[in-house]
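Report on the structure given below.
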Amino acid sequence: MNVDGSLNLLEIAVTQSRLQGREIKFIYPSSIAVYGLPDIATKQLAGKVKEDQWLTPRTMYGINKLYTEQLGRYYAKFLSPIGCRSRQKGKLIFVECVSPVLLAQ
């Protein structure tokens, strides 16, 4: 799926949450492609890479995956008045959009 498709799904999650008055979960799996280690020697020197290291993708696929992950974080941070939040568990990013009515309860 491309960036536009993911953005459309995030918008649908927000809309459906409002219409249904319940939480809608959007789960977006990451990919090793978001990391930009230039070669095996660098990887061996780096050892275990943390989630926030080497986020310099070297392919268009990796760039789009990383951008879409950032879109999910954006929705969680800046659309929080309508109830979106995100959490990360390993390589999965969970974006949850909850109706404002549910938030008030």
Side-chain angles (χ1 to χ4, degrees):
M1 179 181 328
N2 61 25
V3 173
D4 289 337
S6 297
L7 185 57
N8 287 337
L9 288 174
L10 284 166
E11 289 290 330
I12 289 168
V14 171
T15 301
Q16 288 301 307
S17 177
R18 288 178 176 163
L19 291 173
Q20 296 178 31
R22 66 179 183 87
E23 177 179 284
I24 302 293
K25 293 185 180 182
F26 181 91
I27 301 171
Y28 186 76
S30 187
S31 167
I32 195 169
V34 302
Y35 301 105
L37 291 154
D39 53 46
I40 292 188
T42 304
K43 166 61 178 132
Q44 290 172 339
L45 286 173
K48 190 173 180 180
V49 176
K50 295 181 182 175
E51 295 287 324
D52 61 350
Q53 295 178 322
W54 293 97
L55 295 175
T56 52
R58 299 171 100 44
T59 66
M60 186 56 70
Y61 174 77
I63 290 167
N64 286 331
K65 288 292 280 188
L66 184 58
Y67 179 63
T68 303
E69 289 178 17
Q70 294 298 324
L71 282 173
R73 288 183 184 99
Y74 174 86
Y75 267 67
K77 184 173 182 178
F78 295 106
L79 297 181
S80 59
I82 62 165
C84 287
R85 59 189 176 271
S86 74
R87 63 186 170 82
Q88 188 163 345
K89 184 174 183 180
K91 298 301 297 167
L92 293 176
I93 296 173
F94 296 86
V95 177
E96 300 173 53
C97 297
V98 181
S99 164
V101 173
L102 290 176
L103 289 175
Q105 296 175 350

For [X], side-chain contact (heavy atoms from CB on, under 4.5 Å) partners two or more places apart:
X	value
K48	none
D52	K50
T15	L19

* To do: Without swapping roles, check the side chain of K65 against the backbone of P29 for a donor-acceptor pair under 3.5 Å.
  => yes
* Short question: side chain of T42, backbone of P38 - any donor-acceptor pair under 3.5 Å? -> no
Out of curiosity, [X] [atom1] to [Y] [atom2], how far, rounded to the nearest 0.5 Å?
X	Y	atom1	atom2	result
L55	I63	CG	CD1	12.0 Å
L37	Q44	CG	CD	11.0 Å
L7	Y67	CG	OH	7.0 Å
L66	T56	CG	OG1	9.0 Å

Heavy-atom side-chain proximity of [X] to [Y] below 4.5 angstrom:
X	Y	answer
L71	Y28	no
K43	V49	yes
P57	Y35	no

